[in-house]
Structures are given as structure tokens and as C-alpha cells.
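Every chain is numbered from 1 and lettered A, B, ... according to where its sequence line falls, protein lines coming before strand lines.
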Number of protein chains: 2
Amino acid sequence: MSPEDQHRVETIVLFKDVPMPAVRSLAQACATQVLAANATVFRTGEQPSLLHLILAGRIALIGEGAGDAAVIEAFGEGEALLTPAVMLDRPYLLTARTLIETRVAAIPAETFRAVLDREPALARAVINQLARHWRVLIRQIKDLKLRAGAQRLASYLLAQDRSCGGSIYLPMERRLLAGRLGMSPEHLSRAFVQLRPHGVASQGRSVTIVDDEALRHFCDFDALI
Amino acid sequence: MSPEDQHRVETIVLFKDVPMPAVRSLAQACATQVLAANATVFRTGEQPSLLHLILAGRIALIGEGAGDAAVIEAFGEGEALLTPAVMLDRPYLLTARTLIETRVAAIPAETFRAVLDREPALARAVINQLARHWRVLIRQIKDLKLRAGAQRLASYLLAQDRSCGGSIYLPMERRLLAGRLGMSPEHLSRAFVQLRPHGVASQGRSVTIVDDEALRHFCDFDALI
DNA sequence: GCGCGCACTTGATATTTATCATTTCCAGCG
DNA sequence: CGCTGGAAATGATAAATATCAAGTGCGCGC
């Protein structure tokens with residue numbers, strides 16, 4: 001592994017509070033790789049032998065079933081992929097696919113579990129990441145069960161980061177976003193139309209929330225934490 | 001706390017591999033309580049000051065939003081409630097309500113986090129429980145996005161434990177089960193009718209799967225892991 | 001510049017699911 | 001024994017969403 005890659009692994013947010021020697025031993029066990037867009041990292045049903053860390057880029061976790069498929073969630077820099085499968089040594093429930101060119105580090109599952117068992121700080125970091133992800137999933141389930149399509153889109157948009165320029169660049173194709181939001185691509189298209197009078201302007205993958213307040217009100221953003 | 005309760009806490013599955021002294025110190029910090037059915041343990045939005053462990057009984061985690069509510073998941077003996085909120089010290093995203101009379105132990109969040117940081121075995125146990133729960137949620141999201149109502153019911157029934165007598169006793173009222181499965185109570189009722197020709201006999205809360213194979217085929221049980 | 005392919009949109013229609021109103025069932029109780 | 005109240009089932013209807021079939025826009029390579 002190149003020194004740059006080693007440095008990238010060592011400075012990953014997940015390892016922030018982990019003692020340097022442990023981080024270094026993890027980094028040395030890593031293999032890094034740059035994947036093109038739309039590359040498959042692993043598939044549903046496979047046994048996890050590696051823990052994947054995203055060093056840069058974006059990866060979607062996709063649920064697959066009888067002919068159909070839907071994005072469950074997409075993760076970016078600093079996130080570990082499907083720690084649950086790796087920790088329990090059970091087959092993946094999801095397929096991972098890159099959304100854009102992505103740099104990943106892969107640590108042998110055995111190594112990771114071993115370091116985890118003797119490094120409380122790493123264990124705590126994993127717990128915190130799992131806990132954050134858990135809450136992301138809970139919000140999604142609440143959304144799916146309690147809100148209609150257009151409201152889900154609205155609250156998704158409100159939750160997106162728009163620190164730069166106030167405009168959102170959708171992290172995936174609309175077709176995939178439809179899956180993430182639990183609706184058909186056609187319905188997503190109509191949902192965008194529905195949101196127009198509520199302060200959302202969109203063209204292509206860039207979306208602007210014109211009237212934040214109106215949109216929050218439309219989807220009861222605050223009622224559903 | 002009574003010696004029996006202390007013993008109950010000490011022998012909880014979650015603590016199986018945790019050294020006795022640590023378990024004992026946790027147990028001593030516990031307060032135990034027996035709650036009647038339909039009692040609220042905590043509410044959405046509250047700050048978690050305690051970690052709740054289920055010693056016996058059953059508790060539903062309920063998502064609440066604008067007038068509506070839906071069971072996300074129900075947990076039984078040996079499970080910790082919403083460790084993510086406790087670990088991150090963030091407000092609960094869900095409300096917890098007992099489904100039947102339930103005995104819970106409550107450990108101050110601070111104490112739990114402190115013991116966790118110096119007991120790798122406890123950290124590992126929490127990771128494993130979080131990982132299992134994560135996978136439960138993933139399955140639910142896949143179900144919601146990829147299957148229709150009746151199929152969700154079918155796969156839910158197939159996943160239930162029927163070790164005793166081959167018959168299932170639904171762990172909650174049908175109204176709540178409808179929420180768990182992401183549909184209206186009326187629709188659940190019709191879904192049961194729909195499953196009748198596929199080998200499901202039900203009366204009240206007891207359900208019998210007459211023809212396992214037919215039901216598996218109906219909902220593509222194996223296609224969706 | 002001009003097709004070409006591909007993602008997205010739009011329209012028409014079918015299906016699924018929710019809602020509301022009513023009825024049935026059944027446990028608990030005087 | 002019949003009454004009563006809540007849960008569940010059923011029926012009728014409405015709303016949400018999916019599906020299928022064009023159409024539109026647009027980047028890209030020739």
C-alpha cells in the first residue's frame with residue numbers, strides 16, 4: 001500500500017480516538033483499491049471476509065429481491081460498510097455498489113475483530129458508528145410507515161447538506177433515489193412536481209429549496225424528529 | 001433491589017461473556033420495576049438517562065408522527081432498549097410501550113457508558129446486539145420497499161417462532177401488528193384472508209401455518225434472505 | 001451539426017392500499 | 001342468560017401508488 005493510502009487510513013474519522021499503534025496495525029493489514037462508478041463491492045448472500053472502509057467517494061447499499069432492487073442507504077467518506085455482517089460473521093443482507101469513483105480500504109475481518117477485542121477505543125468507535133447508522137434506519141422506517149411519498153422526498157431534501165451555495169446536488173441518479181425513498185421513479189418525478197409550489201426548484205440533479213419554511217410545514221418536518 | 005432481581009440481571013444473556021465483577025457492579029447500579037401491560041417506558045424526544053433491560057415480558061418500540069403511530073419492532077427478554085440513543089446521549093427517536101406485564105431493569109446511562117469503556121467484553125456484547133438489531137431493521141426496510149402487504153405478513157409469520165405446537169401466538173394485537181407490517185388494520189385483516197388459500201389458518205391471535213412450502217413460495221421467502 | 005442512447009418526464013390506466021361506515025365476533029360481567 | 005364494549009371483519013368508496021406506453025430533453029461521439 002502506498003504511503004498516501006496508509007495515511008488516509010490512519011486519519012479516517014472512525015479511528016480518531018483509537019491509539020496510534022492499533023490504528024497502524026490496522027492500516028498495515030489493509031489493502032486499498034480505487035473502484036470506478038457502478039462497481040460492485042460485494043453482493044447479498046456473500047460471506048464477509050473483509051471490512052470495507054470508504055476513504056473517498058460514495059457507496060450505495062442496495063436491497064435486492066425478486067426482480068426488484070432498492071437503495072437502502074448511501075454512505076460516504078469515513079464510513080465502514082456493513083459492520084454488522086462482519087461482526088457477526090453472517091452473510092451480507094445487502095449489495096454494495098459505488099455511485100461514483102470510490103477509494104476503499106479493506107481490512108481482513110479476522111484482523112479487525114481481533115483488534116476490536118483488545119482496543120476499547122475502537123470498540124467504542126464502532127458502537128458509535130453503529131448507533132448513528134441505526135438511527136438513520138429508524139428514521140427511514142418511520143418515514144416509510146408514517147409519511148406519503150412527496151413528504152418523504154421533502155424531508156429527505158431538508159435533511160441533505162446544502163452548506164455550499166444553498167443548493168443540493170443529489171448524491172445519486174433519480175432512479176436510485178426513488179428506491180431510497182421507497183417509490184417508483186415515475187412517482188418520484190411527480191413528487192418533485194408536487195413540491196414545486198412548496199418551494200422546491202429542481203433541474204437535473206441539482207435541487208434548490210427556495211422556501212425552507214414552507215417545505216418544513218408541508219412535510220411536518222419537526223413532527224417526526 | 002431484591003436478590004432475585006439482582007440474579008436476574010446478572011444472568012441476562014447480554015452479559016454472558018462479561019466478567020462477573022463488572023456485571024455485579026452494573027447489577028448493583030440497577031433499579032428494577034414491574035410494569036403493567038400498555039405502560040409507557042419512555043417517549044420520543046426524551047433525553048435518555050437510563051438504559052433499560054428487559055428481564056421478562058415484551059416491549060414495543062413505536063414510531064410516532066402527525067396523528068399516526070406504528071410499531072417499529074418489539075423486543076423480549078434479554079434485550080436492551082435503544083442502546084443507540086443511550087450511547088450517543090441523543091433524544092429517543094421512538095416511544096417504548098409494554099405489550100404485556102414486563103419486568104425491566106434500568107441502569108443509569110452514565111454508569112453503563114463508564115463500564116462499557118473499560119470492559120471490552122461488554123463492548124463486544126453491545127456491538128453484537130446492535131449488529132443483530134441492525135439486521136432486523138434492514139430486513140424490515142427490504143420488506144417495506146420490495147414486497148406487498150400480504151407477502152410481508154407471510155414472511156413475518158414464517159419468521160416467527162413456532163417451536164411449541166407448531167402454532168404461532170401473535171406477540172401483539174392485530175392493530176399493532178398492522179403497524180409493524182406497515183399497513184392499516186383493515187388491510188391486515190384482508191391480507192390474512194388472502195393467505196388462507198396459501199396455507200394459513202388463523203383465529204384470534206393464534207395462527208397456524210398449514211402448508212409451509214406453499215407459504216414460502218407465495219412470498220418468495222428465500223429470494224429475500 | 002446530427003443522430004443516438006439514456007435518463008427522465010408525462011399521460012393514461014390498473015392495482016394496491018387507505019379510509020369510512022357498518023356489522024360481526026367474542027370476552028367479561030351483571 | 002343477555003348486555004356491553006372493544007377488537008376485528010366486511011363492504012363501499014376514495015386516494016395513493018405502480019405500471020405501461022409514449023414523449024421530451026440532453027450529453028456525447030461521429
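- At a threshold of 4.0 Å, the pair A:D212-A:R216 counts as salt-bridged, since one of the basic side-chain nitrogens sits closer than that to a carboxylate oxygen.
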*Take A:D68 and B:K142, measure what salt bridge (charged side-chain N to carboxylate O under 4.0 Å, His left out) needs, and give me the verdict at the end.*
CA-CA 10 Å; A:D68 216 359; B:K142 284 174 74 171; over 6 Å; no
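- Rounded to a whole Å, the CD atom of A:Q203 is 14 Å from the P atom of C:dC8.
- Between the side chain of A:E101 and the main chain of A:L35, no donor-acceptor pair closer than 3.5 Å is present.
- Distance, B:L181 CG to C:dA18 C1': 16 Å, rounded to whole Å.
- At least one side-chain heavy atom of A:F75 sits less than 4.5 Å from a side-chain heavy atom of A:H133.
- Contacts between residues 57-64 of chain A and DNA chain C, defined by a heavy-atom separation below 4.0 Å, involve no residue at all.
- Put simply, CD on B:E173 is 11 Å from C1' on D:dA8, counting in whole angstrom units.
- No donor-acceptor distance shorter than 3.5 angstrom exists from the side chain of A:S189 to the backbone of A:H187, with no hydrogens or angles considered.
- Taking the side chain to side chain donor-acceptor pair (under 3.5 Å) definition, one finds that B:T32 meets it with B:D5, sequence neighbours left out.
- Relative to the six-membered ring of A:Y92, B:R135 misses at least one condition, a distance below 6.0 Å or an angle of at most 45° to the axis.
- Atom CZ of B:R205 is separated from atom C1' of D:dG6 by 14 Å (rounded to the nearest Å).
- The side-chain contact (heavy atoms from CB on, under 4.5 Å) with B:L146 is formed by just one residue from the set B:D220, B:I141, B:L224; it is B:L224.
- Rounded to an integer number of Å, the gap from A:L146 CG to C:dT17 P is 17 Å.
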*Going 5' to 3' along nucleotides 9-19 of chain D, which nucleotides have protein heavy atoms under 4.0 Å from the base (write B), which only from the sugar-phosphate (write S), and which from neither (write -)?*
SBBB----SSB
